[in-house]
Amino acid sequence: MTVTRSLTLFVLAAIAEIGGAWLIWQGVREHRGWVWIGAGVIALGLYGFVATLQPDSNFGRILAAYGGVFVAGSLAWGMILDGFRPDRYDVIGALICLVGVGVIMYSPRTG
């Protein structure tokens, strides 16, 4: 159950952070205005909160692992909302990052 909870929190964190950054991007680069920017700032704040709910108590480990989730999630977000089409190197890189998440977060540790 702890792995499932952790993975769920990583997905929620990715939605909040990537979504927040995307909203700010839309507000600034696509001239959608301050409401979009403000919503993005709120979403980024929610990301910071969600990250603290991870079962592991090591900040560095959580943020390092989340980096891999962010890479894969950013590509997926771009595909879904912006019509981005990753090439095979994008996909390979994202898979490598997700393997890294698994190694960092879910490898058996002693002590």
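Keep in mind the model is a prediction, meaning the values are calculated, not measured.
- In this structure, Met105 is a member of the same hydrophobic cluster as Phe59, with clusters built from ILVMFWY side-chain heavy atoms closer than 4.5 Å.
- Under the ring pair (Phe, Tyr, Trp, His ring centres under 6.0 Å) criterion, Tyr47 pairs with Tyr66, not counting sequence neighbours.
- The two residues Ile15 and Trp77 make their nearest non-hydrogen contact at O-CZ3, 4.1 Å.
- Ile96 and Val101 are not part of a single hydrophobic cluster, where members link through side-chain heavy atoms under 4.5 Å apart.
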- Derivation of the side chain to side chain contact (heavy atoms under 4.5 Å, CB included) call for His31 and Gln26: CA-CA 7 Å; His31 309 289; Gln26 293 297 309; over 6 Å; no
Pairs under 3.5 angstrom only: tabulate donor-acceptor contacts from the side chains of residues 83-94 to other protein residues two or more places apart or in another chain.
unit_1 : atom_1 : unit_2 : atom_2 : d
Asp87  : OD1    : Tyr89  : N      : 3.0
Asp87  : OD1    : Asp90  : N      : 2.9
Asp90  : OD2    : Asp87  : N      : 2.9

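- Smallest separation of non-hydrogen atoms from Gly20 and Ala43: CA-CB, 3.6 Å.
- Grouping Ile, Leu, Val, Met, Phe, Trp and Tyr by side-chain contacts under 4.5 Å, direct or through others, puts Leu12 with Leu9, Phe49, Val50, Leu53.
- Put simply, CD on Glu30 and CG on Leu23 are 12.5 Å apart, with the number rounded to the nearest 0.5 Å.
- Looking at every heavy atom in both residues, Ile18 comes nearest to Gly73 through CD1-C, 3.4 Å.
- The line from CG of Asn58 to CG of Leu63 is 11.5 Å long, rounded to the nearest 0.5 Å.
- Within 6.0 Å of atom CH2 in Trp36, more than 12 heavy atoms from other residues, nucleotides or ligands are found, so the atom counts as buried in its surroundings.
- Taking Asp82 as the reference, nothing meets the salt bridge (charged side-chain N to carboxylate O under 4.0 Å, His left out) condition, with sequence neighbours excluded.
- In this structure, the side chains of Phe70 and Cys97 stay at 4.5 Å or more apart for every pair of heavy atoms.
- In terms of heavy atoms, Ile62 sits closest to Ala51 at CG2-O, 4.0 Å.
- Annotation: salt bridge (charged side-chain N to carboxylate O under 4.0 Å, His left out) contacts involving residues 59-75, sequence neighbours excluded, comprise Asp56-Arg61.
- Connectivity analysis of hydrophobic side chains (ILVMFWY, heavy atoms under 4.5 Å, direct or indirect) links Ile24 to Val28, Trp34, Ile37, Val41, Leu44.
- Listed for the Thr8 side chain is a donor-acceptor partner under 3.5 Å among the backbone atoms of Thr4.
- In this structure, CG on Leu95 lies 10.0 Å from CG on Leu75, to the nearest 0.5 angstrom.
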